[in-house]
Amino acid sequence: MSSPRVLVLRAPGTNCDEETAYAFQRAGATTERVHVNRLIENPALKDRYQILCLPGGFSYGDDIAAGRILATRMRNHLAELVDTFVHGNGDRLVLGICNGMQVLMRLGVLTENVEAAGGHEPATLAWNNHGRFEDRWVDLATDGSKCVFLRDLQHMYLPMAHAEGKFVARDQAVLGELRGAGRLCLRYARDAEGSVEDTPLEFPANPNGADANVAGVCDATGRVFGLMPHPERHIDPTQHPYWTRRNEQPAAGDGLAMFQNAVSWFA
Ligand SMILES: NC(=O)CC[C@H](N)C(=O)O
């Protein structure tokens, strides 16, 4: 298969679906933006796609908790779709960006197979430490050995823009298990040379106070990935905030490689 088909799932309040579809197209994929209600009406639509992408935004107005309502609708009405993409034959990919990661976290697929003491949720995304929406560019380091989307990437410079993005693990055992399995695969970093660090960095390097500087988590197979920063907002070099000050422009923005990795997985 050369060009995978991407289902970019929309809901009321989604606002990054066009940019995300565009990023996948630039990487060589075919995309369709489909409203969640269309999928609930016609669940068989899922069979047309190899990649499920949940883009960023404010689905259902972030009511109750960001991502909670869309995740609940998916759990109750699209369980087969979720199961097909997350498990199935292991031949599909799932990507959640920002609000999309919030949905994947609420669905439990990013922390699947990790038990927390007392049967609690193993991890969640809480409000940023300073209690506000934060919008800034961040340095990211990858431990990309496991995650399909981060293959061969060491560093990315991407914008983040969220209020409820602080990754919090239930306890050290959960954190240790996820880390040991290589699932804490994207971290906020000190600077462009920064590598993966476990001790939380000061604001603004760690913009929300996340445990172990976690910015993205993948499932046990590396095919299901959620991240809080926005790779679709750094596809072209001219989206870099200092692009006019650089003497030479790189061929692409840092985010494009993630989408290319997804597409080439199907080659
Ligand atoms: N950019 C986004 O997807 C925002 C996510 C969510 N609405 C939040 O503020 O936390």
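Just so it is clear, the model here is predicted, and its values are computed rather than measured. If you read the sequence from its start, that first residue is 1, and numbering goes on from there. In listed order, ligands and their atoms are each counted from 1. Note that these values count all heavy atoms, side chains included, but never hydrogens, waters or copies made by symmetry.
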Could you note down all residue pairs passing ring-ring contact (aromatic ring centres under 6.0 Å, His included) where residues 173-226 supplies at least one of them, sequence neighbours left out? His130-Phe203, Phe149-Phe225
Could you list the residues that satisfy ring-ring contact (aromatic ring centres under 6.0 Å, His included) with His234, not counting sequence neighbours? Trp137, His240
Using 4.0 Å as the upper bound for N to carboxylate O, is an ion pair formed by Glu197 and Arg190? yes
Can you tell whether the side chains of Glu32 and Arg48 come within less than 4.0 Å, N to carboxylate O? yes
Residue pairs meeting ring-ring contact (aromatic ring centres under 6.0 Å, His included), one or both in residues 9-36, sequence neighbours left out, come to Phe24-Phe259
Residues around ligand 1, heavy atom under 4.0 Å from any ligand atom, sorted by chain and number. Can you pull those? Gly56, Gly57, Phe58, Asp62, Cys98, Asn99, Gln102, Phe133, Ala161, His162, Ala163, Glu164, His230
Salt bridge Asp198-Arg179, side-chain N to carboxylate O under 4.0 Å: yes
